[in-house]
Amino acid sequence: MRSGCGQPSSCEWADATYEKGETQSFYDGFFGIFGVRWRTVTRYEKHVTRLNNSSGFIDLFWPGVLLVEQKSAGRDLEAARVQAGTYFDALPERDQPRYQLLCDFQRFELLDRD
């Protein structure tokens, strides 16, 4: 068992690193901590046409509540912050989320846009 993990199940994501291969499973478990069934509130890979007409995909989107920009472990969260901002700006006002979460599996940065 990894030091500081406590119970074996708390270490399940200790070595997660790959954005494309592990994001959905990671957030399925994350929402489960709070008793939220992700399928009832979120969408993965939500297509967005940015204000400059380029396309992008929000990694996880809960309209009006949460926008997640996920990166592989060790990736630059500043770049993720900029990317998430371009998605936020492109969303209709009614869908713009209060919270923006940036994550690389090891670090979480939560922004309250209110």
Side-chain angles (χ1 to χ4, degrees):
M1 184 180 325
R2 209 169 215 207
S3 176
C5 288
Q7 299 298 317
S9 63
S10 66
C11 294
E12 181 177 355
W13 296 102
D15 296 319
T17 59
Y18 181 54
E19 174 189 356
K20 297 294 182 199
E22 298 177 306
T23 295
Q24 289 186 14
S25 295
F26 180 76
Y27 284 101
D28 291 349
F30 180 79
F31 279 98
I33 292 169
F34 304 101
V36 175
R37 296 190 59 203
W38 71 269
R39 287 180 187 240
T40 63
V41 295
T42 67
R43 289 177 267 182
Y44 287 107
E45 297 296 323
K46 159 96 169 108
H47 179 262
V48 176
T49 301
R50 298 179 186 127
L51 298 180
N52 68 2
N53 288 322
S54 67
S55 287
F57 294 89
I58 299 172
D59 292 321
L60 185 145
F61 182 57
W62 182 347
V65 179
L66 180 67
L67 181 156
V68 174
E69 185 51 38
Q70 183 72 32
K71 295 295 178 197
S72 294
R75 297 295 300 265
D76 183 5
L77 290 185
E78 178 59 33
R81 188 177 299 106
V82 171
Q83 185 177 359
T86 65
Y87 296 151
F88 179 89
D89 292 342
L91 292 168
E93 189 172 338
R94 71 180 180 279
D95 289 340
Q96 289 178 336
R98 176 173 178 178
Y99 300 101
Q100 175 180 298
L101 179 64
L102 311 174
C103 180
D104 73 351
F105 294 105
Q106 309 303 311
R107 298 172 294 156
F108 289 82
E109 291 184 14
L110 182 65
L111 171 66
D112 184 341
R113 290 186 156 277
D114 283 353

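Small disclaimer: the values here were computed from a predicted structure and weren't measured.
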Verify same cluster id: Leu111, Leu66 (apolar side-chain graph, 4.5 Å): no

Tightest non-hydrogen contact, residues Pro97 and Arg113, listed as O-CD, 3.8 Å

Spacing of CG belonging to Asp28 relative to CD1 belonging to Ile33, to within rounding of 0.5 Å: 11.5 Å

Glu69 side-chain N/O to Leu102 backbone N/O, donor-acceptor pair under 3.5 Å: no

Close aromatic pair by centroid cut-off 6.0 Å: Trp38 and Tyr44: yes

So Asp76 and Lys71, salt bridge (Lys or Arg N to Asp or Glu O under 4.0 Å) or not? Walk me through it. CA-CA 8 Å; Asp76 183 5; Lys71 295 295 178 197; over 6 Å; no

Could you report the tightest heavy-atom contact between Gly85 and Gln100, atom names first, then the distance? N-OE1, 4.2 Å

Between Phe61 and Leu91 the two heavy atoms that sit nearest each other are CE1-CD1, 3.6 Å

Between Val82 and Val68, is there shared hydrophobic-cluster membership here, with clusters defined by ILVMFWY side-chain heavy atoms closer than 4.5 Å? no

Taking all non-hydrogen atoms of both residues, which atom of Arg50 and which atom of Thr86 are closest, and how far apart? NE-OG1, 3.2 Å

Quick check: closest heavy atoms across Tyr27 and Cys103, and the distance to 0.1 Å? OH-CB, 3.4 Å

Same apolar cluster: Trp62 and Ile58, side chain cutoff 4.5 Å: no

Would you call Arg43 and Pro63 a side-chain contact if the rule is heavy atoms closer than 4.5 Å? yes

Could you state the interatomic distance from CD (Gln96) to CD (Glu93), rounded to the nearest 0.5 Å? 6.0 Å

Check whether any side-chain N or O of Asp104 sits under 3.5 Å from a backbone N or O of Gly74 as a donor-acceptor pair, and report yes or no. yes

Student check: side-chain heavy atoms of His47 and Thr49 closer than 4.5 Å: yes

Classify the angle between the aromatic ring planes of Phe108 and Phe26 as parallel (below 30°), tilted (30 to 60°) or perpendicular (above 60°). parallel

With distance as the sole test, does Asp114 use its side chain to make a donor-acceptor pair with the main-chain N or O of Arg98 at under 3.5 Å? no

Identify the heavy atoms of Ala90 and Val48 that sit nearest to each other, and give their distance. CB-CG1, 3.5 Å

If hydrophobic clusters are built from ILVMFWY residues whose side chains come within less than 4.5 Å, do Leu60 and Tyr87 share one? no

Are Phe57 and Leu67 joined in one hydrophobic group, where the rule is that I, L, V, M, F, W and Y side chains link up if heavy atoms are under 4.5 Å apart? no

